Amino acid sequence: MNFSNQLISWYLQNKRNLPWRSTINPYKIWLSEIILQQTRVDQGTEYYYKFIENFPTVNDLALASEEQILKLWQGLGYYSRARNLHFSAKYIMNELYGEFPKTYNELIKLKGVGDYTASAVASICFNKATAVVDGNVYRVLARYFGIHTPTNTTKGIKEFKQLAQQLLDTKNSGTHNQAIMEFGALMCKPKNPICSNCPLNDSCVALSEKRVNELPVKENKIKIKKRYFNYIVIETEDNNTKIVKREKGIWKNLYEFPLIETESLIDEKQLIEQQEFNTLFKTGNITVKLFNDSVVIHKLSHQHIYTKFWIVKTQILTDYTVHWKTVKKYPVSTLIHNFLNQYKTNYFF
DNA sequence: GACACGTGGGG
DNA sequence: TCCCCAAGTGT
């Protein structure tokens, strides 16, 4: 048996029973692929169920509001996926008259759909001969063929894509693609791969050279930046607070309390001296209290956010105020969500 | 080409 | 604790 046949044979006997494996509906496959980008199956599965339940068709998704979609996406991260999902659903309904794209070249025109997702949907739903290359594929191919080219370089991307395409069983593209990914996820794992029980262990270059744990090779290391957030959590006498929509960067289009970002940690005295703080409260009579005695460190893949939540009691405000009861309806970051769970014991998403 | 973009699990 | 990394894409 060749490489592909061995993988497919293994796959048919060992694959997990996942909800998107029982359909070739392109909307559902597309949705599952977007959810699973850079996301573990265990983490994404509940979101897949929620989205299918709330938006059974691409039309339902197109008709929803972005806020509704972001609220459902809350906690999953990489929120541009949700925004692009919505944008592309509207594009499919309005520009393509509801007809889902069927080829790699048409699929990749969708926002949020790149080489991987276009290849996956085209092969799984329409049996097109397009090979997927994701993290699993890089790992399986790098090890099996002993390839040391860094995967996150132009040269590596090109080389692995070409090899994957060459190995593709073009009669069973969808099954082949899912087989190699599932094999990478369950057998050829990043740590502690199950080489002793691997169906390919008699022909794996990395195993024969005892270099399994050296592959795949990746270049670069991102530098972690530190940021200092001061959230101004307002309590008015009529039980309102203030929230605003983030307009760019991280958590774009999610809501948060008025934010004062500083160069370093600040105390109450320094907070009150901030220009932005004073413009929030034109009239006097406010009380300020730090909610978290120890700074909250929210860790993201490339930045650590040192956060202080300042509770400010005041009389009445007018702009951007919402009643505390309605705060839970807004999509927020996990940082804000965690705060709300501590601060308002009646807050549930 | 380099960097931004989240969150959570595992070793 | 810290670091890797997970069905990547957009700018």
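Chain identifiers are assigned alphabetically (A, B, ...) following the order of the sequence lines, protein sequences preceding nucleic acid strands; residue numbering begins at 1 within each chain. Just so we're clear, the structure is a prediction, and the values are computed from it rather than from any experiment.
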Novice: Can you name the nearest heavy-atom pair linking A:Phe55 to A:Ala64, along with the distance?
Specialist: CE2-CB, 3.4 Å
Novice: Under 4.0 Å between a side-chain N/O of A:His337 and OP1 or OP2 of B:dT7, yes or no?
Specialist: no
Novice: For A:Ile35, which contact category applies under a 4.0 Å heavy-atom criterion: base, sugar-phosphate, or nothing?
Specialist: nothing
Novice: Between A:Lys225 (NZ) and B:dC3 (C1'), how many Å, whole number?
Specialist: 8 Å
Novice: When you get a sec, tell me which of C:dG8, B:dG6, C:dC5 is the closest nucleotide to the side chain of A:Tyr116?
Specialist: C:dG8
Novice: Please determine, for the side chain of A:Val41, which listed nucleotide (B:dT7, C:dA6, C:dA7) has the closest atom?
Specialist: C:dA7
Novice: With a non-hydrogen cut-off below 4.0 angstrom, is A:Trp20 in contact with a base, only sugar-phosphate, or nothing?
Specialist: base
Novice: Rounded to whole angstrom, note down the C1' distance from C:dA6 over to B:dC5.
Specialist: 14 Å
Novice: So which nucleotide from B:dT7, C:dA7, B:dG9 ends up closest to the side chain of A:Met181?
Specialist: C:dA7
Novice: Between A:Lys299 and A:Thr117, who's closer to the 5' end of DNA chain C by nearest nucleotide?
Specialist: A:Lys299
Novice: Tell me whether the rings of A:Trp30 and A:Phe100 are parallel (<30°), tilted (30 to 60°) or perpendicular (>60°).
Specialist: perpendicular
Novice: Using atom CG of A:Asn192 as one end and atom P of B:dG10 as the other, report the distance to the nearest whole Å.
Specialist: 13 Å
Novice: For A:Tyr343, is the OH atom crowded, meaning more than 12 foreign heavy atoms sit under 6.0 Å from it?
Specialist: yes
Novice: Choosing from B:dT7, C:dA7, B:dC5, which nucleotide comes nearest the side chain of A:Ile250?
Specialist: B:dC5
Novice: Quick check: on DNA chain B, is the nucleotide nearest A:Leu254 upstream (toward 5') of the one nearest A:Lys189, or the reverse? Name the residue that is more 5'.
Specialist: A:Leu254
Novice: Of the nucleotides B:dG6, B:dA4, C:dC5, which one has an atom closest to the side chain of A:Thr39?
Specialist: B:dG6
Novice: Walk me through it: do A:Phe183 and A:Tyr144 pass the test ring-ring contact (aromatic ring centres under 6.0 Å, His included)?
Specialist: CA-CA 12 Å; A:Phe183 181 78; A:Tyr144 184 77; 8.9 Å; no
Novice: Quick one: is A:Gln38 getting a side-chain N or O under 4.0 Å of the C:dG8 phosphate, OP1 or OP2?
Specialist: yes
Novice: Describe the nucleic acid contact of A:Asp115 in one word from base, sugar-phosphate, nothing, applying a heavy-atom distance below 4.0 Å.
Specialist: sugar-phosphate
Novice: I want to verify a distance call: between C:dC5, B:dG6, B:dA4, whose nearest atom is closest to the A:Lys218 side chain?
Specialist: C:dC5
Novice: Please table the atom pairs, donor to acceptor, closer than 3.5 Å between any side-chain atom in residues 107-119 of chain A and protein atoms at least two apart or in another chain.
Specialist:
| from | atom 1 | to | atom 2 | distance (Å) |
| --- | --- | --- | --- | --- |
| A:Lys109 | NZ | A:Glu106 | OE2 | 3.4 |
| A:Asp115 | OD1 | A:Tyr104 | OH | 2.6 |
| A:Asp115 | OD1 | A:Lys161 | NZ | 3.1 |
| A:Asp115 | OD2 | A:Lys161 | NZ | 3.0 |
| A:Tyr116 | OH | A:Glu33 | OE1 | 2.6 |
| A:Thr117 | OG1 | A:Gln37 | NE2 | 3.0 |
| A:Ser119 | OG | A:Asp115 | O | 2.7 |
| A:Ser119 | OG | A:Ala131 | O | 3.4 |
| A:Ser119 | OG | A:Lys161 | NZ | 3.1 |

Novice: Please confirm whether the shortest side-chain N or O distance from A:Thr334 to OP1 or OP2 of B:dT7 is below 4.0 Å.
Specialist: yes
Novice: Heavy atoms under 4.0 Å, any strand shown: does A:Gly184 hit a base, just sugar-phosphate, or nothing?
Specialist: nothing
Novice: Quick check: any donor-acceptor pair below 3.5 Å linking the side-chain of A:Ser301 to the base of B:dG6?
Specialist: yes
Novice: Looking only at atom C1', what distance separates B:dG11 and C:dA7, rounded to whole Å?
Specialist: 22 Å
Novice: For DNA chain C, whose closest nucleotide is more 5', that of A:Leu36 or that of A:Gly112?
Specialist: A:Leu36
Novice: So A:Arg21, base contact, sugar-phosphate only, or nothing? Heavy-atom distance under 4.0 Å.
Specialist: base
Novice: Taking A:Glu182 first and then A:Arg21, would you say they form a salt bridge - that is, a charged N and a carboxylate O separated by under 4.0 Å?
Specialist: yes
